[in-house]
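Here is the naming used below: chain letters follow the sequence lines, and residue numbers restart at 1 for every chain. Note that these values count all heavy atoms, side chains included, but never hydrogens, waters or copies made by symmetry.
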Amino acid sequence: DTEVTQTPKHLVMGMTNKKSLKCEQHMGHRAMYWYKQKAKKPPELMFVYSYEKLSINESVPSRFSPECPNSSLLNLHLHALQPEDSALYLCASSQDRARWDTGELFFGEGSRLTVL
Amino acid sequence: KQEVTQIPAALSVPEGENLVLNCSFTDSAIYNLQWFRQDPGKGLTSLLLIQSSQREQTSGRLNASLDKSSGRSTLYIAASQPGDSATYLCAVLNSGNTPLVFGKGTRLSVIA
């Protein structure tokens, strides 16, 4: 099973709403990632969790709050978003970030977020 | 700082043609290079992963090569089909706690 599952597939929210995106993998991977992708652009890294600890935060605004409850789950909590935050949010996982890992990333299908 | 460039940005070919997508990177001290495919509005599908010690990888009609010293990788697609139409992204991982760096992608259209 090389699957990363993201829910919901589509989300529409107002600027005052609080919502969450969820990501799940059962490959035993210990590194999980959130990416943001705008139309016709490559994915931009937001956060990296390694062994359930936040490893990289690419200066993301605090209205995005990641959470890694366990090694299989990754959440992205959304609050007071702006219309320009509308994008495809991609979750990914990899085995580890140690040197013996191949470093291969596996992506989910993404959550399409629209902020009104 | 690693920079990844993909040429061409867009490519349109008739069905059946063999084609080559190019990827170049500025820092040759890479850990691996990964080619992805992305259909419109969808996630990324990993096509091929080449470790820094490898020269090429093959999967079906796809062949990816890596020349670390010149900072280049190519993705060769044989006998292209309309179903190959998608955006192809090249991404490079350097050693250490550094994130994957993506190129901007090549949008491929295979015309029946």
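Under a hydrophobic clustering in which Ile, Leu, Val, Met, Phe, Trp and Tyr are joined whenever their side-chain heavy atoms come within less than 4.5 Å, directly or via other members, Leu74(A) and Leu78(A) fall into the same cluster. Each of Tyr31(B) and Val101(B) belongs to its own hydrophobic cluster when Ile, Leu, Val, Met, Phe, Trp and Tyr are linked at side-chain heavy-atom distances under 4.5 angstrom. Residues Val110(B) and Trp35(B) are members of one and the same hydrophobic cluster, defined by side-chain heavy-atom contacts under 4.5 angstrom among Ile, Leu, Val, Met, Phe, Trp and Tyr. Cluster annotation: Tyr49(A) and Phe64(A) are assigned to the same hydrophobic cluster (Ile/Leu/Val/Met/Phe/Trp/Tyr, side-chain heavy-atom contacts under 4.5 Å, transitive). Under a hydrophobic-cluster definition in which Ile, Leu, Val, Met, Phe, Trp and Tyr are linked whenever side-chain heavy atoms come within less than 4.5 Å, directly or via other members, Leu33(B) and Tyr76(B) are assigned to different clusters.
Contact count versus chain B (heavy atoms, under 4.5 Å) is highest, among Ala92(A), Gly103(A), Pro43(A), Gly108(A), for Pro43(A).
Proximity to chain A (any heavy atom under 4.5 Å) is shown, for Leu44(B), by both the backbone and the side chain. For Gln37(A), the part lying under 4.5 angstrom from a heavy atom of chain B is the side chain only. With a 4.5 Å cut-off on non-hydrogen atoms, Glu58(A) touches chain B through its side chain but not through its backbone.
When all heavy atoms of Gly41(B) and Arg112(A) are compared, the closest pair comes out as CA-NH2, 3.7 Å. The nearest pair of heavy atoms linking Gly103(B) to Pro42(A) is O-CB, 3.3 Å.
Heavy atoms from other residues, nucleotides or ligands lying under 6.0 Å from NZ of Lys9(A) number 12 at most.
The structure places OG of Ser46(B) at 9.0 Å from CZ of Phe107(A), a figure rounded to the nearest 0.5 Å. Put simply, CD on Glu109(A) and CG on Asp39(B) are 8.5 Å apart, with the number rounded to the nearest 0.5 Å. Of the inter-residue distances, the one linking Tyr35(A) atom OH with Leu100(B) atom CG reads 4.5 Å to the nearest 0.5 angstrom.
The main-chain N or O of Leu49(B) is never found under 3.5 Å from a side-chain atom of Glu104(A) such that the two would form a donor-acceptor pair.
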